[in-house]
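Reading through the structure tokens given below for one structure.
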Amino acid sequence: MIGAGHAGVQAAAGLRAGGYGGPVTMVTTEAHFPYERPPLSKEALDQEVDAASLSFSLSLRPHDFFTDHRISVLRGQAIEIDRLSQRVQITGGRRLGYDHLVLATGASPRRITLPGAALVGVHELRTMSDALALRSALDRARRVVVLGGGFIGMEVASAACKRGLHVSVLEQGDRVLGRAVSPPVSAAVAAHHRAEGVRLLLGDQADRVVGRNGRAVGVQTVAGEWLPADLVVLGVGSIAEDGLARRAGLATDDGVLVDEWLLTSDPRISAIGDCASVGDAATGTSRRLESIQNATDQGSYVAARILGDVPPYHALPSFWSNQGALKLQMVRSVPGHDRLVVRQGDAGFSVLCLQDGLLTGVESVNDSAIHMAARRLLSRITPTEIELEEVDFDVRKLARRAMTVDAALPGSP
């Protein structure tokens, strides 16, 4: 395994759980033992959480799990794949042979050309080390400017706001989370943050970070706004870590291209998690999904496929984001829609996204009951708009109906 995040660890654990007896090695550039990543923009930045215990508390598995299951964790960077001899070159002159290679290299923060980005006080967030450095900077900060209104940016803004800091979010689009969620959910997220005291600047972007004596003191925007800041967080998205695959001659396009069995253009190499762009036979397109559920599902699948025959990969994507008191949950990624239906819940609401007469996804804001019902429903069927209209777009009714049908099928428990 090249990479020891959620996908890599799940694949390694799945191999051992399935009875694989050969050597299993994970190669990682991280100084920390394999850990959970979602808390890095949430709990890891919380003053009430003990910083000294973070590495231990966020571990994906107990440290002795890897020893007990004979999973080697090798620290170093994979720099070249020799596909002919089936070997991977690791920094320090080490070379590892493989029967099957799994690329779980993840993604990294998108690099932007921004004057002043190298100043002290400018941070990005992807790793545990990044989170610890940002947490320390937040301890000393008074004014924070977050560049980017995506998930990471809004979660960091929430953490900074909880500390009582003055927070501004600069987003070049016309709404926050604009590439990820529907307009009603964007509006709810924006309203929540504004109510918490966050200043949102939409339709603008940073022209430069201004420094004094080598340290950031503010951000000048393209539109001419001056935003004083002693801490600037870059949250402008991520890109797949597919350089190793490209150098090896594997097919890539916004990630490592894999087929419906998660195999790359070399059948002895798989790619999983944030770095993998998975082909969809129905549409003829490929998409890369960044989510923990996606990473663990793909890790489990690849382990099972290496161990024996399995059907093509299929899993229901789900996502979540906690931003203070706001909990956003999504079933399926919805790149487009031609109709949105908003259903009010007990404490929040959900948005049903339809395309060409089919339910393609559900987004829920503080509405966990509908989210769970949507997961149960969409894991079984893709309901039509007509079916939804018959029950007044009540996802729970359709989910119960689908589960009843399942239970009545021959062979059901």
Side-chain angles (χ1 to χ4, degrees), residues 6 36-49 54 57-58 125 131 138 146 148-165 167 169 171 175-198 200 233 235 289-297 315-334 337 340-353 359-379 393-396 399:
H6 289 263
E36 295 185 61
R37 292 185 182 270
L40 297 183
S41 55
K42 307 173 188 71
E43 293 90 337
L45 304 181
D46 193 330
Q47 283 179 305
E48 298 175 6
V49 176
L54 277 175
S57 64
L58 298 186
L125 180 57
L138 285 167
V146 179
F151 286 115
I152 293 296
M154 302 314 294
E155 289 169 1
V156 170
S158 183
C161 191
K162 183 179 178 181
R163 290 167 169 260
L165 306 181
V167 184
V169 175
E171 165 58 44
R175 56 190 179 95
V176 298
L177 306 182
R179 290 181 292 275
V181 300
S182 63
V185 172
S186 281
V189 172
H192 164 77
H193 282 276
R194 288 186 174 115
E196 293 292 308
V198 176
L200 300 180
V233 182
L289 298 175
E290 293 186 31
S291 84
I292 299 308
Q293 188 64 53
N294 180 66
T296 54
D297 286 345
L316 180 68
S318 62
F319 310 81
W320 59 274
S321 175
N322 290 343
Q323 301 171 29
L326 183 144
K327 185 170 187 176
L328 173 59
Q329 297 168 291
M330 294 165 284
V331 182
R332 284 191 184 159
S333 173
V334 187
H337 47 75
L340 298 175
V341 178
V342 178
R343 287 275 308 191
Q344 294 298 322
D346 295 334
F349 69 95
S350 291
V351 179
L352 281 60
C353 304
L359 180 66
T360 56
V362 178
E363 304 168 355
S364 301
V365 177
N366 294 339
D367 198 9
S368 294
I370 292 297
H371 170 73
M372 295 307 299
R375 289 183 64 171
R376 291 192 296 269
L377 176 65
L378 289 170
S379 66
F393 293 92
D394 189 333
V395 171
R396 287 171 292 189

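Only heavy atoms go into these numbers, but all of them, side chains included; no hydrogens, no water, no symmetry mates. Count residues from 1 along the sequence.
- For E363 (side chain) and V185 (main-chain N/O), no donor-acceptor pair under 3.5 Å exists by modelled atom type.
- Using a distance-only test at 3.5 Å, with no hydrogens or angles considered, a donor-acceptor pair links the side chain of N366 to the main chain of K327.
- Using modelled atom types, one side-chain atom of S158 and one backbone atom of G324 make a donor-acceptor pair closer than 3.5 Å.
- Take E196 and apply the side chain to side chain contact (heavy atoms under 4.5 Å, CB included) test, not counting sequence neighbours, and it matches C161, H192.
- A 4.5 Å side-chain heavy-atom check between P317 and F319 finds at least one atom pair inside the cut-off.
- Here the shortest heavy-atom pairing between Q323 and F151 reads NE2-CD2, 4.3 Å.
- Under the rule for a side chain to side chain contact (heavy atoms under 4.5 Å, CB included), A195 has no partner lying at least two apart in sequence or in another chain.
- Going from atom CZ of R396 over to atom CE of M372 covers 13.0 Å, rounded to the nearest 0.5 Å.
- In this structure, CZ in R332 is found 7.0 Å from CG in L359, a value given to the nearest 0.5 Å.
- Judged as a side chain to side chain contact (heavy atoms under 4.5 Å, CB included), and not counting sequence neighbours, the contacts of A374 are V331, V362, V395.
- Looking at R175, its side chain never comes within 3.5 Å of a backbone N or O of A190 through a donor-acceptor pair.
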Begin from the C-alpha positions of H6 and N294 and carry the test side chain to side chain contact (heavy atoms under 4.5 Å, CB included) through to its verdict. CA-CA 9 Å; H6 289 263; N294 180 66; over 6 Å; no
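- The distance from the CD atom of E36 to the CD atom of E43 is 8.5 Å, given to the nearest 0.5 Å.
- You'll find the side chain of S318 reaches within 4.5 Å of the side chain of R375, heavy atoms only.
- Put simply, the side chain of T360 gets close to the backbone of C353: a donor and an acceptor are under 3.5 Å apart.
- Residues E171 and G149 come closest through the heavy atom pair OE1-N, 2.7 Å.
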